[in-house]
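To start, the structure itself, in structure tokens.
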Amino acid sequence: MFALIDCNNFFASCEMVFDLKLKDKPLVVLSNNDGCVIARSNEAKKLGIKMAQPAFEIKDLINSGIVNVRSSNFSLYTDMSRRVMQTLVQFENDMELYSVDEVFMEVPDSSKSDLEKLAAKIRNKVKMWTGLSVSVGIGATKTLAKLANKQAKEGSNIKVLLHESEIDEALSATNLEDIWGIGRRCAKRLKKANIHSPLELKLIDDIIIKKILGVMGLRVSLELRGINSFSLDNSPTPRKSILSSRSFGRPTSELSDLEEAVSSFTTKATEKLRKEKQATSFISVFVSTGKKSKEQYFNQAGISLSTPLSYTPDLISYAKKCLKKIYKPHILYKKAAVMLSDFSDQASIQKDLFEKDLNLTKKEKLMQLLDKINNRYDKEALFFMSSGIDRKWKSNRVNVSPKYTTSWADLLKVK
DNA sequence: TCTGGGGTCCTAGGACCC
DNA sequence: TCTGGGGTCCTAGGACCC
């Protein structure tokens, strides 16, 4: 039996916990570069503001003060997420951290009313310890727990889907593309094959569904029947790739701007890499124009490294090499990215026989010191000059809230 | 004028092996 | 003229998730 615990309007709720002025009012949180809406309070949803809606489309609502707005503040959200997880650990069940605002929890088989009581307990505790409201959906499989959670959100924040008739009723009331694992494309393919509702997807023949959607589709169908096809994944699997990318505040054609950006993204990605005690053997760099610009350009270049690395300066110089391969002058670039992949454990790196620089300890020590200082004081207390100082390309974030929980300077003052 | 950022898995096809 | 059967690995692209 699985519970899916999901924070309601997560990013918007995080902002509201610390700023009471925002409470019970329309609020939207914008993506990086203040581009589009990535979270909405209930009141904002009621105004008809859509998920991923471009910010300029609702600028009248914002300028007139009807809708409050915040730039995204991921330091705050990740820390609040950590607090929610720590609260849930108290229940001593196996858990899988599924996303920044969602947790799958294995719960014991029991009666509907007992499960509802457990869900209420979870809700109360999280509310009391973090100030955030969660909804809890419970079902026999992860997919059914997801479905239950969706229904919980539409009602009283708790839903237990146990009996066949209830499940079928829920399935009939749901769109195909809203079933976990079935997106817009798959829904379209199913409709073409004359399958129009999740209930039909549940009852379909195994061989037929496999033909239409492949094994993933079959697994979803099985899950809807209560047969577990997705197990709880509670071992923190090492990441397979790390991507650091940003849209620029203003498009740029200058190689120097791109070099700064790429250097800064490499620094960020490499920090993450070391945090996970990994080293990378492949680095690639992407650049692109805006989606809507007249002249479209997208390109990517990568380099395989003979020895896995986690030393920022080396990786910055490789990143710049990649950039030079794909840079073309007179193009207005809007976005760049750095991706690291092909990881190995930092501790067990096999040194290259022909690598002259066998003594890496100095570099390792330097990186450890760098990380320690930046952790202690500020993310960029120490930074690489190649990342630039002015950073004209930087994203716009006009309405960012303080880092209430992760920065001493931003600590909430109580009068 | 203005549309995010970060991941995962699956599949098909090609190259290569015996 | 006629050309098997079985496998692995890699990559690009597609689809999904939040």
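Predicted model only: the values in this text are computed from it and were never measured. Protein chains get the first letters and strands the later ones, always in sequence-line order, with residue 1 at the start of each.
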Reckon [X] touches a base, only the sugar-phosphate, or nothing at all at heavy-atom distances under 4.0 Å?
X: A/Ile179; result: sugar-phosphate
X: A/Val100; result: nothing
X: A/Lys188; result: nothing
X: A/Ile242; result: sugar-phosphate
X: A/Glu102; result: sugar-phosphate
X: A/Lys335; result: sugar-phosphate
X: A/Lys146; result: sugar-phosphate
X: A/Phe74; result: nothing
X: A/Arg219; result: sugar-phosphate
X: A/Ser244; result: sugar-phosphate
X: A/Ser241; result: sugar-phosphate
X: A/Asp101; result: sugar-phosphate
X: A/Asn32; result: sugar-phosphate

Note to self: Looking at A/Glu169, I want to see if its CD is surrounded by more than 12 non-hydrogen atoms of other residues, nucleotides or ligands under 6.0 Å.
What the structure shows: no
Note to self: I'd like to know whether NZ of A/Lys325 has more than 12 heavy-atom contacts from other residues, nucleotides or ligands below 6.0 angstrom.
What the structure shows: yes
Item checked: Polar side-chain atom of A/Arg70 near backbone of A/Asn399 as donor-acceptor pair, under 3.5 Å -> no
Check: With distance as the sole test, does A/Asn149 use its side chain to make a donor-acceptor pair with the main-chain N or O of A/Ser135 at under 3.5 Å?
Finding: yes
Margin query: I need the minimum non-hydrogen distance between A/Leu309 and A/Leu273, along with the two atoms involved.
Written below: O-CD2, 3.6 Å
Check: In a check of ring-ring contact (aromatic ring centres under 6.0 Å, His included) between A/Tyr77 and each of A/Phe11, A/Phe18, A/Tyr404, which one passes?
Finding: A/Phe11
Check: Between which nucleotides of DNA chain C, read 5' to 3', does contact with chain A run, using atoms under 4.0 Å from its heavy atoms?
Finding: C/dA15 to C/dC18
Notebook entry, point to check: Per the salt bridge (Lys or Arg N to Asp or Glu O under 4.0 Å) rule, which among A/Lys188, A/Arg185, A/Lys191 passes with A/Glu177?
Noted result: A/Lys191
Margin query: Looking at A/Phe91, I'd like to know if the NZ or CZ of A/Lys125 sits under 6.0 Å from its six-membered ring centre while staying within 45 degrees of the ring's axis.
Written below: yes
Next item on the list: Using a 3.5 Å limit on both pairing distances, list the dot-bracket string of DNA chain C from the 5' end; Watson-Crick and G-U wobble pairs count, crossing pairs take [ ], interstrand pairs take |.
Entry: ....||||||||||||||
Note to self: Just checking A/Trp180 against A/Phe104, ring centres under 6.0 Å apart?
What the structure shows: yes
Next item on the list: Could you check A/Leu243 against A/Glu57 and say which one's nearest nucleotide on DNA chain B is further toward the 5' end?
Entry: A/Glu57
Check: Taking for each residue the nucleotide of DNA chain B with the nearest heavy atom, is it A/Lys272 or A/Leu213 whose nucleotide lies nearer the 5' end?
Finding: A/Lys272
Margin query: If I pick the P atom on C/dC18 and the same atom on B/dT3, what distance separates them, to the nearest angstrom?
Written below: 25 Å
Check: Judged by modelled atom types alone, do A/Thr312 and A/Arg274 share a side-chain donor-acceptor pair under 3.5 Å?
Finding: yes
